[in-house]
Amino acid sequence: MEDILQGLNEEQKQAVTYFSSPLLVLAGAGSGKTRVITHKIMFLVNNLGIPSNRILAITFTNKAAQEMKERVQQALGIEEEPQWISTFHSLSAKILRIEAEHLGYNRDFIIYDEEDSKKVIKDVIKELELSEDIYKLERVKNIISQIKQYLDDSILDFYAMTMPHLPKILEKYEEHLVLSNAMDFDDLLLNVVKLFRENPDVLEKWQNKFDYILVDEYQDTNKIQHEILKLLVGDRDCITVVGDPQQCIYTWRGANPENILDFENDFPNTKIIKLERNYRSTETILDTANKIISGAKGRWKEKVLKLWTDKGKGEKPVLVALDTEKQEANFIAKQIKKLLEEGYRYSDFAILIRMSYLSRNLEEYLMKYSIPYQIVGGLKFFERAEVKDILAYLRFAFQPKDTQAFKRIINLPSRGIGEKTIQKIASFKETDWLQAVKDAYESMSPKIKIRLQEFIEIIETVRRYGNEKPSEMAKYVFDAIKYEEYLASKYPKDWEDRLANINELFNALKEIERSGKTFLEFLEETSLAQAQDTIEESNSVKVMTVHASKGLEFPVVFIAGVEDGIFPSGRSFEDMEQMEEERRLFYVAVTRAKEKLFLTMAKLRSSYSGHYNETKPSRFLKDIKENLKLLTTKKKQTVSSKTSKTASTILKTPLSSQTSNSFFTGQLVKHDVFGKGVIKQITGNKAKVIFENVGEKTILLDFLKKA
DNA sequence: CTTACCCAGCTTTTT
DNA sequence: GCTGGGTAAG
């Protein structure tokens, strides 16, 4: 017993050993959240005699799950990894693979990623002949996702007022998914709730499977995840959740800092324990973080945690204002080089950004200084077109109902099969697309017959051997469709890089053959892979979005682009709630740092067109200016000649010099293409303009001139 | 049906 | 600077 509790502080011990009622642990950044969960699992097993496979633990990333599994396994000295440590999405997929039939699905269902779902919605909008201006793809997709996440039909009613055909779209969308034996990300969760609600016996079975449930990063769970927990717990007490409302950064995915407070309502007699002692950062960094969050608003504020540490003062965070983004990147790279001499390693550094496109500029300079780096996240490996192409062949062979896979490959590379032929095939479709192709075969022209024959042969071959030897089959497809030629002609610039990706795919497939996993498991893993899962152990600087940095810590952190419009994002300007989220994001970013923290900004930043725009320092800097040390770099390249002054000087100046591109509502403007117009509304870097000839358009400010 | 070319629009965050 | 869509020619 001493063993497990050793090294924990009083509150942590309490959290680990409390079982009398549902437990909510409010745990600040760096306060040992994950540690509490891991130790509680060990306590359950060692001291209460509960088998590890009867404990369900939910983490936010697969990486965290894997680490927790390993730690628990090692600490308990057990043969097998604990089975039920995973993310909500992986858990749901696992449950649904077993219970799919109850929902009219087949166990071999495919998980549609963002791109697949979007294409389905696009097809549906076309099919229903709706205006793409009113039913904007991105918006419709978001609404559908919201409806599924909030478990609330009134959302549909609400949007249906302006989009009367929305219910029809939703219905058709669902139909398409079921016909493809596919689920989207939201379905994974939603279908579990449906399953449990409609099948009490199934629910009971799963309730009986778990004696205790623990959830990490609870502040970022949404309604539907909460519902899954409620169902699994039933009327028992067996749940501990750990979270921090200050770190809720996924409201756009249905999470809300208030949700964590509702836990008390849904689980009666909830006990609350606060962990406010921070083991990660220096006092100055924590003080800065506390200042940021003390400006927050909202009901959860009463639950605000005040972090403290006995680590000592430490150095003040440094604010550096560079002239341009190039110099910003240059500064960061140089600073890293400098700190390396003080004994830091590359892997001690993280560069955090609010928007992923900011990484390009950084990359350039990291390369220039020969600093090994890894961009975490961004376009993920399995989302790359070439990887998806090859996988689509395997996917389709495996699941010939998969409409999106079929549409992707039937004319890839060009087989002379276009819209018309696909329509024809569709008219023959009864169950799956492969059968439809075979049935439609006779009615095709001789030329197309040959091409279809080739296609069928490829698919049939993959069907025969795909399950055992996916890597060989991938190679076979690659050769059979002459994919290398296709790549070379389609992407003359970077086809070699893409080819390298294909090779990596072959390796990944070989790896699963070795590990004894099935192709389906492989597909599931790849579609649920997260940014953090790709983090390499290598000694390299990590560049990532603030979102991707959740739960991680680094000795030295740079936060780049601390400018209004970037951090906070320009989109949050008109929406209080979103601005609040930006604040929490900033809080998360700052609390990643253990020892040193640099905030950098560029006075001029180029937009995609290459034009430089003046920037304003982030509004969040005002709250923390006394905490910051200001570093200015002299004109010439002598980086060493820096002068220190107070941060407030820089915060005062730029506002007044903002004349060059300041627009206002009602202003007469000119656009190269659209001609003269009047600004109706300005949001962020865009303006709604009514043009005399072409009507209303939303235009980026960069493209407008004063008339 | 395909290809080649032009143009508009654009960058949150992601399971 | 990139991409997806639209269009005209083959």
Side-chain angles (χ1 to χ4, degrees), chain A residues 60-62 86-93 111-115 117-118 122 132 137-138 141-142 145 148-149 183-189 217 220-222 224-225 248-255 352-361 377-380 383 385 411 413-422 445 447-448 451 489-491 493-494 524 526-533 544-550 561 565-573 575 578 581-582 584-585 588-589 605-611 671-674 684-686 694 697-703:
Chain A
F60 197 74
T61 67
N62 297 304
S86 76
T87 65
F88 268 110
H89 283 87
S90 304
L91 168 73
S92 302
I111 299 169
Y112 270 8
D113 68 10
E114 202 83 332
E115 194 192 346
S117 315
K118 257 198 218 167
K122 203 172 171 188
E132 287 178 42
L137 181 55
E138 200 64 31
K141 196 206 75 197
N142 283 333
S145 182
K148 292 185 175 189
Q149 278 172 5
M183 296 190 197
D184 66 17
F185 289 134
D186 297 317
D187 286 335
L188 288 176
L189 306 173
E217 305 279 7
D220 280 313
T221 55
N222 57 26
I224 191 151
Q225 292 165 331
C248 173
I249 55 175
Y250 282 93
T251 50
W252 42 277
R253 241 164 58 184
L352 304 185
I353 47 185
R354 176 65 183 85
M355 324 245 183
S356 42
Y357 74 90
L358 295 174
S359 68
R360 279 187 226 154
N361 181 43
L379 185 55
K380 280 175 256 152
E383 284 168 2
N411 199 33
S414 302
R415 292 191 176 87
I417 293 164
E419 196 75 29
K420 285 250 168 72
T421 317
I422 294 179
S445 70
K447 211 172 95 192
I448 300 216
R451 314 307 300 272
S489 70
K490 186 162 183 202
Y491 306 101
K493 272 192 211 142
D494 63 346
E524 185 176 306
T526 59
S527 40
L528 296 181
Q530 288 157 293
Q532 274 194 22
D533 302 335
M544 65 184 98
T545 63
V546 180
H547 283 89
S549 76
K550 186 185 170 82
I566 290 186
F567 206 168
S569 146
R571 294 225 185 173
S572 64
F573 287 172
D575 186 334
Q578 277 194 53
E581 173 135 323
E582 296 290 320
R584 294 193 296 271
L585 261 172
V588 168
R605 188 173 295 277
S606 67
S607 54
Y608 51 89
S609 55
H611 285 117
H671 184 269
D672 286 347
V673 180
F674 303 132
N685 59 345
K686 279 178 270 185
V694 291
K697 300 250 178 223
T698 302
I699 307 281
L700 279 162
L701 291 177
D702 293 354
F703 289 88

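Sequence lines set the chain letters: A, B, ... in the order given, protein chains first and strands last, and positions in each chain run from 1.
In this structure, A:Ile448 atom CD1 and B:dT2 atom P are separated by 8 Å, rounded to whole Å. Rounded to an integer number of Å, the gap from A:Leu137 CG to B:dG9 C1' is 15 Å. Following rounding to the nearest Å, A:Met544 (CE) and B:dT14 (C1') show an atom-to-atom distance of 15 Å. Rounded to whole Å, the distance from CD1 on A:Ile353 to P on B:dT14 is 10 Å. Going from atom CG of A:Asn222 over to atom P of B:dT14 covers 17 Å, rounded to whole Å. Here the P atom of nucleotide B:dT13 and the CZ atom of A:Arg253 are 13 Å apart, to the nearest Å. Nucleotide B:dT14 holds its P atom 6 Å from the OH atom of A:Tyr250, rounded to whole Å. Between the CG atom of A:Asp186 and the C1' atom of B:dT15 there is a distance of 8 Å, rounded to whole Å.
Toward the 5' end of DNA chain B, the nearer of the two residues A:Ala529 and A:Tyr357, judged by each one's closest nucleotide, is A:Tyr357. Across the interface with DNA chain B, nearest-nucleotide mapping of A:Glu582 and A:Ile417 shows A:Ile417 to be the residue nearer the 5′ end.
Taking every side-chain heavy atom of A:His89 into account, B:dT15 is the closest of B:dT15, B:dT14, B:dT11. When the nucleotides B:dT2, B:dT11, B:dT15 are ranked by their closest atom to the side chain of A:Glu114, B:dT15 comes out on top. Of the candidates C:dG5, B:dT13, B:dT15, the closest approach to any side-chain atom of A:Lys122 belongs to C:dG5.
When only modelled atom types and interatomic distance are considered, A:Thr61 and A:Gln530 share no side-chain donor-acceptor pair under 3.5 Å.
In this model, the phosphate group of B:dT15 is not approached by any side-chain N or O of A:Asn62 to a distance below 4.0 Å at OP1 or OP2. OP1 or OP2 of B:dC1 has at least one side-chain nitrogen or oxygen of A:Thr421 nearer than 4.0 Å. Note on A:Ser356: a side-chain N or O is less than 4.0 Å away from OP1 or OP2 of B:dT13.
Counting non-hydrogen atoms under 4.0 angstrom, A:Leu189 reaches nothing in the nucleic acid. Among the protein residues, A:Glu581 comes within range of no part of the nucleic acid, since none of its heavy atoms lies under 4.0 Å from any strand. Residue A:Gln578 is in base contact, counting any heavy-atom pair closer than 4.0 Å across all strands shown.
With rounding to the nearest 0.5 Å, the separation of CG in A:Asn62 from OG1 in A:Thr87 is 4.5 Å.
Looking at A:Lys141 and A:Glu138, a side-chain N of the basic residue comes within less than 4.0 Å of a carboxylate O on the acidic one, giving a salt bridge.
Annotation: side chain of A:Tyr250 is in contact with side chain of A:Lys550 (closest heavy-atom distance under 4.5 Å).
Stacking of the aromatic ring of A:Phe88 onto the base of B:dT15 is not found under the criterion of centres within 5.5 Å and planes under 30°.
For A:Asn411 (side chain) and A:Ile417 (main-chain N/O), a donor-acceptor pair under 3.5 Å exists by modelled atom type.
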